[in-house]
Every structure is written in C-alpha cells, then in structure tokens.
Amino acid sequence: MASSMGGMFPGQQPPGAHPPTGSGAPGQPGLLTGPPGNRGANNTLVDELEASFEACFASLVSQDYVNGTDQEEIRTGVDQCIQKFLDVARQTECFFLQKRLQLSVQKPEQVEKEDASELKNELQRKEMLIQKHLTKIHHWQQVLEDINVQHKKPTELPQGPLAFLEQASANIPAPMKPN
C-alpha cells in the first residue's frame with residue numbers, strides 16, 4: 001500500500017527515505033520553507049499563516065472599512081483576506097498530513113503507540129464523566145429519599161371522632177372582622 005501512495009503528495013519521499021528536517025529538503029515543501037515560488041525568500045508557511053490571520057482582523061477594524069461607504073468593496077476585501085487565510089491553513093494542514101503519512105509508513109509502531117495513548121486518555125475522560133454523573137445521581141437520590149421520608153412521616157393528627165373536622169378547620173383562614 002505504501003508503494004501505491006508514492007507520489008500521492010507533491011514532494012513526498014519514497015518509502016524508506018529519511019524525512020527532511022523542519023526546514024525541508026531542497027525541492028521539497030516543508031513547514032518552514034513551503035513550496036517554492038509560493039512564498040518570499042524569508043517567509044515560512046507558519047509566518048504566512050500568522051500574517052494572513054492578522055490580516056483578517058486588520059481588515060475588520062481598518063479605518064478604510066469603517067469610513068468606507070461601499071459595502072460590496074468592504075465585503076470583497078474581507079472575503080479575500082479570509083480566503084487567503086483558509087488557503088494557507090489548508091497548506092499547513094496538508095504539510096502535517098504528509099508528515100503523518102511519512103511517519104505511518106516509516107514507523108508504524110509509533111502511530112500505534114499514539115493511538116493507544118489517545119484511547120487511554122479517552123477512557124480516563126469517560127471514567128471521570130461517569131463518576132461525575134454517579135455523584136449527581138447519588139445526590140438526587142438522596143434528595144428524593146429525604147422528600148419521601150418527610151411525606152411518609154405521620155403528622156401529629158388529633159385522635160377521635162372529630163379529628164378530621166378539626167384538621168380541616170385548621171386549614172381554613174379565619175373570617176375577616178368588619179370595621
């Protein structure tokens with residue numbers, strides 16, 4: 001499968017070749033240098049991503065846009081800034097996907113270790129969530145139990161043939177006296 005993927009991504013090395021360092025090998029796109037012709041001599045992919053992100057915010061708070069009257073022009077400028085940011089973000093994502101693919105081909109045991117670690121972390125998170133829910137369930141069970149105990153306690157009712165009438169009349173408010 002690895003051999004069938006050779007050349008799937010531009011600049012990908014054949015299986016068994018050593019991965020380039022962070023700056024990228026000559027002719028190969030890297031995180032720090034990016035594809036040739038796409039960036040200036042000193043710009044890196046990370047720098048360009050940061051600059052396009054800042055440009056998105058700058059376009060939203062720019063005095064030109066605040067004072068401008070042409071809404072379509074403002075919208076076009078903001079859309080262009082956002083589109084540039086999204087393009088650079090895709091390039092960055094592509095870079096990391098390429099590195100992940102190279103790692104999975106060259107060191108599959110490392111990928112398995114990472115997957116196992118992620119699964120363990122997810123299990124711990126879910127166990128903590130279960131404990132949190134169990135604590136809440138126990139709390140509300142106790143509240144319900146307390147309510148049931150209060151309702152089951154016999155109130156001090158008078159005994160005798162007129163007890164029902166005495167209790168009923170105790171709940172009736174006293175009549176108001178006319179002034």
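Expressed to the nearest 0.5 Å, how far NZ of Lys126 lies from CG of Asn121 amounts to 12.5 Å. Atoms CD and CD, on Glu93 and Gln98 in that order, are 11.0 Å from each other to the nearest 0.5 Å. The NZ atom of Lys84 sits 15.5 Å away from atom CG of Asp79, with the distance rounded to the nearest 0.5 Å. Taken to the nearest 0.5 Å, the CD atom of Gln110 stands 10.5 Å off from the CD atom of Glu112. For the atom pair Gln142 CD and Ile147 CD1, the distance stands at 10.5 Å (nearest 0.5 Å). Rounded to the nearest 0.5 angstrom, Ile82 CD1 and Arg75 CZ are separated by 11.0 Å.
Residues Met128 and Leu123 are members of separate hydrophobic clusters, defined by side-chain heavy-atom contacts under 4.5 angstrom among Ile, Leu, Val, Met, Phe, Trp and Tyr. With hydrophobic clusters built from ILVMFWY side chains whose heavy atoms lie under 4.5 angstrom apart, Val88 shares a cluster with Phe96.
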Criterion side-chain contact (heavy atoms from CB on, under 4.5 Å) on Leu129 and His133, from CA distance to verdict:
CA-CA 6 Å; Leu129 188 62; His133 286 293; 3.6 Å; yes
Do Glu48 and Thr92 pass the side-chain contact (heavy atoms from CB on, under 4.5 Å) test, and can you show the C-alpha distance, the side-chain angles, and the key distance before you say yes or no?
CA-CA 10 Å; Glu48 191 171 333; Thr92 306; over 6 Å; no
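Gln91 and Asp87 are not linked by any side-chain donor-acceptor pair at a separation below 3.5 angstrom, with hydrogens and angles left out of the test.
Smallest separation of non-hydrogen atoms from Val78 and Ser59: CG2-OG, 4.0 Å. For the residue pair Cys81 and Ala55, the shortest heavy atom distance occurs at SG-O, 3.9 Å.
A donor-acceptor pair is defined here as one N or O able to donate and one able to accept, closer than 3.5 Å; no such pair exists between the side chain of Ser117 and the backbone of Lys113.
No option in Gln124, Lys120, Arg125 other than Arg125 meets the side chain to side chain contact (heavy atoms under 4.5 Å, CB included) test with Glu122.
Looking at Gln80 and Thr76, their side chains come closer than 4.5 Å, going by heavy atoms from C-beta outward. Looking at Lys99 and Leu103, their side chains never come closer than 4.5 Å, going by heavy atoms from C-beta outward.
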